[in-house]
Amino acid sequence: MPAVQLHHVVSALGGPGVDLLTAPRGLEAPLRDVVIAEPCDTELLDCQGDLVLLIGARGRAALRALIAAGRAGAVAVAVKTGADDGEELRRAAAECGTALLAVDPRARWEQVESAARAVVDSVGGVPDPAELGTDGDLFSLAQTVATLTGGIVSIEDAANRVLAYSRSGDQVDELRRLSILGRVCPEEFLAVLRDWGVYTRLRGGEEIVAVRERPELGIRSRRVAGISAGSRLLGTIWVQEGQGPLEERTDRVLRGAARLAALLLVRGHGRAGPGSALREELVAGLLAGRLTAGSPAGQLGVAADSGATVMGLDLREREDATGSAGPELELRRTRAAGIVAVHAAAYRRSAVAARLDGRVYVLLPETPPGPGAQEPAAGSGSGAAGPQAGTAPSDPAVLAWAADLVSTLRSHLGTPVQGALARPVARLADAPTARRTADTVLDAMAGAPGRAVATYDDVRSSVALGAILELLDSRPDVRDPALDVLIERDRRQRTELASSLLLYLDAFGDVSKVAERLHIHPNTLRHRIRRAVSLSGLDLDDPEQRLMAMLQLRTAVGPTS
């Protein structure tokens, strides 16, 4: 039987109440037991290989006992932390070589202990899939596939038992109806499917098999993908045609969904495979800079020195019609995460989507193509990661995939979703730099909602201008006080002299163009410019004064495009 490893416990505890802050020795470290210690236990005699729950103190008050547990060989230490002491504890744990689990102060220690001990005491150290939410994940996956394909979805295991299915109306055929009612595909239909060679073809790899309509048998047109772990068929995903034909992307969506479903089902077959939630947690930790590349690389099946591309997604969420930002907003985020996960897995087997700080990120590790491989490479980079997180341009195939993903999200969410591609990095360890670059690009795109996808090179000027404006805004000593007076006068008297002057400067003095944009007569604009110049003393014939005026006005008025 496989030994209990730290990542098994992390997977069971992971969620709103427990957060992994660091794991300097990786998450594959064997775990012996779960023990409880108090802050006064500064001389722990035997916690070699244990998870230590440090009760009775939180934050900095637990620092001394944390260090003692680490020095005594603890694999991991769980501590209740506050908003401002997590980083100090993380550094101490990293220096001791022990993993650190930050526990929400509102969590009950007995519940944390019970969940952790259940994993350690379970057979083979692998928690039951149902306890980790696999069923719910499969239903969510089924609904996501239905949304993307326009079909009716069911997921079955290797014994043809129905594990999950999407919502459906009255378009279901007899095969679907009987399978859902009995929670298993009827034998008479299975015999027909076997005779058609459906299951034989599914065992041959990632082929998507089309089953044509047979009205006399009560079977409508459908597609099916096998869920496999190596050469072993774990189950199937079926998409039945509903009111209309399936979307063109159906085969691609099914392939990605099958890869995700394999991660959810593999633990049910006695193997400590990387669950979907654990992979997402590890990637989120890597992108946030909390984890080194070793553990995520191992779970993704790539080398730690592999290159990678990072994509950031901002859903540009808005409140619903009632002004609520609660359940409806969370529902949209969950739908978006499911769509991104399926698209990412379809594009590359090792790709992982993770939510972090209100945004969704996709990590696309490079996997050297083997003989006959069809997956596109994500591009490559060399040298140290600079401000653009790499030196090679983004691969056109990645750009096309990113554009398709954003288009899909916009269509299904109804929000102006935007995506940013950082330049490829040479090593997974540089992924945090790439994530910061993606954030920079997303921030620069915020003022242009029509732009769907951009790279750093696309917005370089906007990023540079933003940095200059930020510096200018923080240096009142270099600002022209007369322009500030003009800006304040506009605010007080509700005039538009400053904004009109900025538009005039941006348009190189083209009066007709600016007047048309403002829907005013050209003479009205000329009057405004003369008035603005008179009040500010600006010399429009001086190029340096014009440049500084444009920059300073932007800090108050904002961009003109």
Side-chain angles (χ1 to χ4, degrees), residues 4-11 13-15 17-35 37 39 41-44 47-55 57-105 107 112 116 278-300 304-305 308 354 356-357 363 384-385 425 427-436:
V4 181
Q5 295 180 344
L6 179 58
H7 70 78
H8 296 137
V9 174
V10 170
S11 180
L13 296 181
V18 181
D19 187 22
L20 177 68
L21 296 189
T22 186
R25 290 190 289 173
L27 293 179
E28 292 77 24
L31 193 63
R32 187 185 67 172
D33 199 1
V34 180
V35 299
D41 298 331
T42 55
E43 296 182 1
L44 299 172
C47 60
Q48 187 74 34
D50 293 338
L51 165 62
V52 177
L53 308 183
L54 201 52
I55 67 173
R58 65 182 61 175
R60 295 184 182 89
L63 188 59
R64 186 178 179 186
L66 164 65
I67 295 172
R71 290 175 176 170
V75 168
V77 179
V79 181
K80 289 190 175 183
T81 62
D84 58 351
D85 49 30
E87 180 59 25
E88 184 177 357
L89 292 170
R90 188 195 68 79
R91 287 197 301 268
E95 292 175 0
C96 297
T98 185
L100 176 64
L101 299 175
V103 180
D104 189 298
V112 175
L278 176 58
R279 283 161 49 104
E280 293 172 13
E281 184 176 349
L282 291 176
V283 168
L286 172 65
L287 294 175
R290 297 195 305 263
L291 296 178
T292 59
S295 294
Q299 295 290 359
L300 299 179
D305 59 356
L356 188 63
D357 298 335
L363 179 70
V425 293
R427 304 173 304 148
L428 284 182
D430 296 324
T433 303
R435 180 225 170 183
R436 289 191 294 271

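Just so it is clear, the model here is predicted, and its values are computed rather than measured. Positions are given from 1, in the same order as the sequence printed here.
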Colleague: Should the pair D305-R427 be classified as a salt bridge under the 4.0 Å nitrogen-to-oxygen rule?
Modeller: no
Colleague: In Å and rounded to the nearest 0.5 Å, what is the CG to CZ distance from L21 to R290?
Modeller: 6.5 Å
Colleague: For R60, does the CZ atom have more than 12 heavy-atom neighbours from other residues, nucleotides or ligands under 6.0 Å away?
Modeller: yes
Colleague: To the nearest 0.5 Å, what is the distance between CD (E88) and OG1 (T81)?
Modeller: 12.0 Å
Colleague: Find out whether L101 and V79 are in side-chain contact, i.e. whether some heavy atom of one side chain is under 4.5 Å from a heavy atom of the other.
Modeller: no
Colleague: Is there side-chain contact between L51 and D33, with heavy atoms separated by less than 4.5 Å?
Modeller: no
Colleague: Mind listing the closest non-hydrogen atom pair of L89 and G59 along with its distance?
Modeller: CD2-O, 3.6 Å
Colleague: So which atom in V425 and which in A431 form the shortest heavy-atom distance, rounded to 0.1 Å?
Modeller: CG2-N, 4.4 Å
Colleague: So does R435 pair up with D357, basic N to acidic O under 4.0 Å?
Modeller: yes
Colleague: Could you check if a side-chain atom of E281 sits within less than 4.5 angstrom of a side-chain atom of L20, using non-hydrogen atoms only?
Modeller: yes
Colleague: Quick one: pull up CZ in R25 and CG in L6 and give me the separation to the nearest 0.5 Å.
Modeller: 9.5 Å
Colleague: Taking it one step at a time, do V34 and D50 satisfy side-chain contact (heavy atoms from CB on, under 4.5 Å)?
Modeller: CA-CA 6 Å; V34 180; D50 293 338; over 6 Å; no
Colleague: Please determine whether a side-chain nitrogen of the Lys or Arg among D85 and R58 lies less than 4.0 Å from a carboxylate oxygen of the Asp or Glu.
Modeller: no
Colleague: Can you find a heavy atom in the side chain of C96 that is under 4.5 Å from one in the side chain of I67?
Modeller: yes
Colleague: Minimum heavy-atom separation for V75 to P30, with atom names?
Modeller: CG2-O, 3.5 Å
Colleague: Identify the heavy atoms of C47 and V52 that sit nearest to each other, and give their distance.
Modeller: CB-CG2, 4.0 Å
Colleague: Run the side-chain contact (heavy atoms from CB on, under 4.5 Å) test on L282 and L291 for me, step by step, so that the C-alpha distance in whole Å, both residues' side-chain angles and the decisive distance to 0.1 Å come before the verdict.
Modeller: CA-CA 8 Å; L282 291 176; L291 296 178; 3.8 Å; yes
Colleague: Which atoms form the tightest heavy-atom contact between L63 and A92, and what is the distance?
Modeller: CD1-CB, 3.5 Å
Colleague: Provide the closest heavy-atom pair for A293 versus L286 in the form atom of the first, atom of the second, distance.
Modeller: CA-CD1, 4.0 Å
Colleague: Look only at the side chain of R90 and the backbone of L100, and say whether a donor-acceptor pair between them is shorter than 3.5 Å.
Modeller: no
Colleague: Looking only at atom types and distance, does a side-chain atom of T98 sit under 3.5 Å from a main-chain N or O of A93, one as donor and one as acceptor?
Modeller: no
Colleague: Do the charged groups of E87 and R91 touch, with an N to O distance under 4.0 Å?
Modeller: yes
